[in-house]
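The next block holds one structure in the form of structure tokens; read it before the comments.
Note that ligands are numbered from 1 as they come in the structure, with each ligand's atoms numbered from 1 the same way.
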Amino acid sequence: MATNRTFAMLKPDSVEKGYVGAILDKINATGFRIVALKMTHLTMADAKEFYDIHKERPFFEELVKYMTRGPIIAVILEKENAVEDFRALIGATNPVDAADGTIRKLFAASVSENAVHGSDSDENAAIESTFHFSGREMF
Ligand code: UDP
Ligand code: MG
């Protein structure tokens, strides 16, 4: 059965450019409830583990460097059909291909610096949520 939670990150470029408030506004306006939220700075080991699935890809080193260059905002979000609806809200990986009004269309600079992360399955949402948050940090 599908769960109703997903995991998201506002990536270092969003924090650097001051987009955190505007992105959280869009998330709220789309009907997601914030279950957990923190500002944190990933270590190299954290980023490598989080993106382990991409370790053979040519962009892996650049991705780890980007994701560790400054703090991120990690969140757990709740809504019916959360994983799919959040992927729809953020848009395609490459902002050039992202639909109008999506977070990546509005705030992403490129396919690598693309403003936000959203889990791609219920299973990964659960793994990624517990990677970042303890049970005491989820409300
Ligand atoms: N990425 C990149 N170059 C690419 C594809 C992806 O730098 O050609 C980065 C980008 O930051 C992306 C992340 O790697 O968000 C993870 O890639 P994935 O294919 O899982 O995209 P997502 O699920 O984030 O849309
Ligand atoms: Mg992905």
- Message: I need the single residue from Thr102, Leu106, Ile90 that forms a side chain to side chain contact (heavy atoms under 4.5 Å, CB included) with Lys26. Which is it?
- Response: Leu106

- Any Arg57 heavy atom less than 4.0 Å from ligand 1: no

- Message: Looking at ligand 1, is there an atom of it that comes within less than 4.0 Å of some heavy atom belonging to Asp120?
- Response: no

- Query: Any ion pair linking Lys11 and Glu113 (charged N to carboxylate O, less than 4.0 Å)?
  - Reply: no

- Looking only at protein heavy atoms, identify the closest one to atom 25 (O) of ligand 1 and say how far it is in Å. Thr93 OG1, 2.6 Å

- Tell me, which protein residue and heavy-atom name are nearest atom 10 (C) of ligand 1, and how many Å apart are they? Val111 O, 3.3 Å

- Side chain, backbone, both or neither: which part of Met67 comes within less than 4.0 Å of ligand 1 when only heavy atoms are counted? neither

- Would you tell me which option among Gly91, Ser112, Ala98, Gly118 has the nearest heavy-atom contact to atom 11 (O) of ligand 1? Ser112

- Task: Would you indicate whether Glu123, at its atom CD, is surrounded by more than 12 heavy atoms from other residues, nucleotides or ligands within a distance under 6.0 Å?
- Result: no

- Message: Is the contact between Lys11 and ligand 1 made by the side chain, the backbone, both, or neither, using heavy atoms and a 4.0 Å cut-off?
- Response: side chain

- Message: Students should be able to answer this: which protein heavy-atom is nearest to atom 17 (O) of ligand 1, and at what distance?
- Response: His54 NE2, 3.4 Å

- Query: How close does the nearest protein non-hydrogen atom get to atom 13 (C) of ligand 1, and which residue and atom is it?
  - Reply: Leu63 CD1, 4.0 Å

- Query: Tell me: protein heavy atom nearest atom 5 (C) of ligand 1, and distance?
  - Reply: Phe59 CE2, 3.5 Å

- Query: Is the shortest heavy-atom distance from the side chain of Tyr66 to the side chain of Pro12 under 4.5 Å?
  - Reply: yes

- Query: Of all heavy-atom pairs between Asp13 and Asn114, which one has the smallest distance, and what is that distance?
  - Reply: OD2-N, 3.9 Å

- Could you tell me if any non-hydrogen atom of Arg104 lies under 4.0 Å from any atom of ligand 1? yes

- Looking at atom 12 (C) of ligand 1, what's its closest protein heavy atom, distance included? Asn114 ND2, 3.5 Å

- Identity and distance of the protein heavy atom lying nearest atom 23 (O) of ligand 1: Arg87 NH1, 2.8 Å

- Salt-bridge criterion met for Lys48 and Glu61 (N-O under 4.0 Å): no

- Task: Evaluate the ring planes of Phe32 and Phe86, with Trp represented by its six-membered ring, and classify them as parallel (under 30°), tilted (30 to 60°) or perpendicular (over 60°).
- Result: perpendicular

- Please report the closest heavy-atom contact between Ile127 and Thr130, naming both atoms and the distance. O-OG1, 3.2 Å

- Linking I/L/V/M/F/W/Y whenever any side-chain heavy atoms sit under 4.5 Å apart, do Val83 and Val35 land together? no

